[in-house]
Amino acid sequence: MFTHQLIKRWSLLAIIPLLGLALLAACQPATQTLEVTRVVTETVVQEGQPVEVTRVVTETVVVTPEVTEAPAEPKDLIVCMAQEPDTLYPYGGSMLAATAVQVAIFETNVTTFSYDYQALGIEKLPSLEDGDAVVSPVEVNEGDLVLDASGNPVTLAAGVSVINSAGEVVEFDGTPITMDQISVDFTLQPRVWSDGTPVTAADSVYSYEVNRDPDTPATKFVAERTASYEATGELGLKWTGIPGYLDPTYFTNVWPPFPQHIWGQFSASELLEAEEVARLPVGDGAFRIVEWVAGDSIVLEPNPFYYRQDEGLPYLDSVTYKFIPDTNQLIAQLISGACDIGTQDGLSASDAPFLIEAENNGLLTPYFQTGTVFEHIDFGINSYADFGDDQGRPDWFEDARVRQAMTMCTDRQGMVDNILFGRSEVIHSYIPSVHPLYPEDGLTEWPFDVEAANALLDEVGFIDSDGDGIREYYTDRGTSWEGEPFVIDLGTTTGNDMRQQMTQIFKENMLACGIDVTLYYVPSSEWFADGPDGPLFGRRYDLGEFAWVSAVQPSCNLYLTSQISGPEEEGFGGWGASNNTGWSNEAFDLACNTALSSLPGTPEYEENHKEAQRIFSQEVPVIPAFLRLIVAAARPNVVGFGVDPTGGTEMQNIYQFDLQQ
């Protein structure tokens, strides 16, 4: 009933533009036929003499009134989002809705489209090849700030282990050590703040100092590994890392300029609340803020001092961000034309049928893009303490063949088809197949093959001895768990329809392989809590489902032995570490650590990232399931809009958006 009514409504809406065209044609000036009478004087020859003769002439003429072209309509873009930004201060938070507005107000130094990096607000990406990035040997002594062998910034003292310039791990005993240090030169584009004040390198150094301030709630990872950051000219900057920190993304270590001439009057804590910063900031992007009506909208207009205006940018005359928390209302306003763009924070994969039907009726252009977030089911390979294998439960998952069999028994494509309407893809590693560092060969992509999965479980020795359809645990080690039914728990978060559907499919899949799975759901705050309290990172679970974020740089570090969660005093990575599976593989560690300590563009960087994935895909410490979808939509007349997997926000290139008229 609802769908039928909707189609009828869409049909009516589709007719309205046609009616408009007809009315427009009717209003055009018509060609007219008129009779015109005028007096004509001619010279004729009579009896050999010229004589002037006057007569009245009536003629029929066709008159076409002059057509004047109607002035172009203003290009006013309406962007509808589900959430209202919490602040427009870039260091004030990480809300996606805030980022969607910030990229219009502030220029981005480096963009990250299509799993790569691009210079935007700087002249170029520095590189070792071009000489604007240099690695130099330096001598370090006691008291110097360096990167230790574990990757942490420390003050060099006796007993601290570091990596020297030869790539060796050495312990400091008071004798000077030679380590590598990288320095990088950047040049800002000739940007201008929206109040007409030129942007300078000093504005970027000011931003760096604000970032370092303890009262600024922003990541300090790079700042803490910075030896110096200084202006080298009006637009020139130099970043130098602490000895030992060879950052593979060194070409991004340039801080976004902040308008020091305005913000410099505030302390770091005051910046969080000042209206000139959080609500009405002066920026150097393509647009400037006009007003923010709380609970309703934010209005922008072009920055009259935008440094790219000679290129005709931006194309739009204004941008209005409207806040519409109800998804149905947001889609309805898109269809009616009250909104031009619907952002990803207000749309999801569950809206796909509606959006596809609207597309078929020519009303919308939906965008379904696989993102960087991937769902996976983790094995509790090496659990912690009394929950441990062959202590609190059978050692189900230590044998890689069991993990391989369960991966083959999982209908991951079925999950994509049923949950994400076939718009995503099965993932076989911790990065997607479109990533430039995805191995061309040697990666194991386990198919959905129940017969092969059962044969592999038989080979391991887990068999159904009593004919009840559930396998039992049998080994030749004589443990107390012999004959224990293969009954395990799978946990994930509450309140997530996608995960509930996914785990239900998995439970049904496992029964076909003689494995009985009990599902349980807990609040996110409990599920993701650090150990030992949280079941996931406390390594006290059988199977756990959640999501990680892949990145431009492959995140092999998630599965390092050094990242196994557990108390540091027992040799683990700490309760905040990422490797909740307890999986440890020496060859993987070597490949991953080598890749992470190498610089992009080198053979060591590329080949070791690929080798780490080959080992991971063969050993399957987790079942990589599928990539989540980024869903957005736009009216058909919106030009330049799109969704990129690593772009951060679909509004990143708003300076290129246009409206066809």
Side-chain angles (χ1 to χ4, degrees), residues 70-81 83-90 92 95-109 111 120-121 189-199 203 256-259 261-263 274-324 333-334 337-343 345 632 634-635 637-641 649-661:
E73 291 291 324
K75 295 180 178 180
D76 299 321
L77 184 78
I78 310 296
V79 179
C80 292
M81 325 191 275
Q83 297 176 306
E84 180 174 7
D86 50 354
T87 178
L88 293 181
Y89 177 36
M95 191 176 185
L96 184 61
T99 304
V101 182
Q102 288 164 353
V103 294
I105 298 173
F106 297 99
E107 183 73 328
T108 304
N109 285 327
T111 55
L120 184 59
Q189 295 279 14
R191 293 138 66 170
V192 183
W193 299 112
S194 60
D195 66 355
T197 305
V199 174
D203 290 324
F258 288 161
H261 64 290
I262 300 175
W263 295 7
E275 182 169 295
E276 298 95 326
V277 180
R279 296 192 67 82
L280 299 172
V282 166
D284 59 344
F287 295 89
R288 66 180 181 184
I289 187 166
V290 176
E291 65 174 351
W292 182 342
V293 180
D296 181 73
S297 61
I298 293 175
V299 180
L300 309 181
E301 65 183 11
N303 174 2
F305 303 103
Y306 185 46
Y307 74 104
R308 300 184 66 183
Q309 60 181 315
D310 289 346
E311 303 173 47
L313 298 172
Y315 300 127
L316 300 170
D317 295 311
S318 74
V319 179
T320 300
Y321 294 85
K322 293 174 61 177
F323 316 134
I324 304 177
Q333 293 209 25
L334 273 169
C339 297
D340 298 302
I341 291 174
T343 57
D345 71 316
R635 298 282 298 175
N637 66 321
V638 177
V639 179
F641 178 77
T649 169
E650 62 271 49
M651 307 302 292
Q652 180 67 69
N653 64 319
I654 189 171
Y655 61 93
Q656 295 175 318
F657 290 4
D658 202 354
L659 290 172
Q660 285 184 338
Q661 295 186 336

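Here the OG1-CZ distance, from Thr87 to Arg279, works out to 8.5 Å after rounding to the nearest 0.5 Å. Distance check: Asp340 CG to Lys75 NZ gives 12.5 Å after rounding to the nearest 0.5 Å. Here NZ of Lys322 is found 13.0 Å from OG1 of Thr343. Values are rounded to the nearest 0.5 Å. Interatomic distance, Leu313 CG to Asp658 CG, rounded to the nearest 0.5 Å: 10.0 Å. Considering CG of Asp317 and CZ of Phe287, their distance stands at 9.0 Å, rounded to 0.5 Å. Between the CD1 atom of Ile341 and the CZ atom of Arg635 there is a distance of 12.0 Å, given to the nearest 0.5 Å.
Looking only at side-chain heavy atoms (C-beta outward), His261 and Asp195 come within less than 4.5 Å of each other. In this structure, Tyr321 and Met651 have side chains that are in contact, with non-hydrogen atoms separated by less than 4.5 Å. Looking only at side-chain heavy atoms (C-beta outward), Gln83 and Met95 come within less than 4.5 Å of each other. For the pair Ser318 and Val290, the minimum side-chain heavy-atom distance is 4.5 Å or more. Proximity of Val79 to Phe657: side-chain heavy atoms (C-beta onward) are nowhere separated by under 4.5 Å. No side-chain heavy atom of Thr197 sits under 4.5 Å from any side-chain heavy atom of Pro259. Side-chain contact between Pro304 and Arg288 is present, with heavy atoms from C-beta onward closer than 4.5 Å. The shortest distance between side-chain heavy atoms of Val639 and Leu659 does not fall below 4.5 Å.
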| task | Run the numbers on Gln652 and Thr111 for side chain to side chain donor-acceptor pair (under 3.5 Å), then give the verdict. | result | CA-CA 8 Å; Gln652 180 67 69; Thr111 55; over 6 Å; no
| Test side chain to side chain donor-acceptor pair (under 3.5 Å) applied to Trp292 and Glu275, step by step | CA-CA 11 Å; Trp292 182 342; Glu275 182 169 295; over 6 Å; no
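Atom CD of Glu73 has 12 or fewer neighbouring heavy atoms from other residues, nucleotides or ligands inside a 6.0 Å radius.
Formation of a donor-acceptor pair under 3.5 Å by the Glu84 side chain with backbone atoms of Gly295 is found in this model. Remark: side-chain polar atoms of Asn653 are paired, donor with acceptor, to backbone N or O of Gly640 under 3.5 angstrom.
Asn303 and Gly283 get closest at one heavy-atom pair: ND2-O, 4.1 Å. The minimum heavy-atom distance between Arg308 and Leu120, with the atom names listed, is NH1-CD1, 3.8 Å. Residues Phe323 and Ser297 approach most closely at CE1-N, 3.3 Å, considering heavy atoms. In terms of heavy-atom proximity, Ala100 sits nearest to Met81 at CB-SD, 4.1 Å. Annotation for Gly121 and Arg191: closest pair O-NH1, 2.7 Å, computed over non-hydrogen atoms. Closest non-hydrogen pair, Asp203 versus Pro198, comes out as OD2-O, 4.1 Å.
Residues satisfying the ring pair (Phe, Tyr, Trp, His ring centres under 6.0 Å) criterion with Tyr306, sequence neighbours excluded, are absent altogether.
A tilted orientation is assigned to the rings of Phe258 and Trp263, their planes being inclined by 30° to 60°. The aromatic rings of Trp193 and Phe106 sit perpendicular to each other, their planes meeting at more than 60°, with 30° as the lower class boundary.
Among the candidates Asp76, Leu300, Leu77, the single residue satisfying the side-chain contact (heavy atoms from CB on, under 4.5 Å) test with Leu316 is Leu77.
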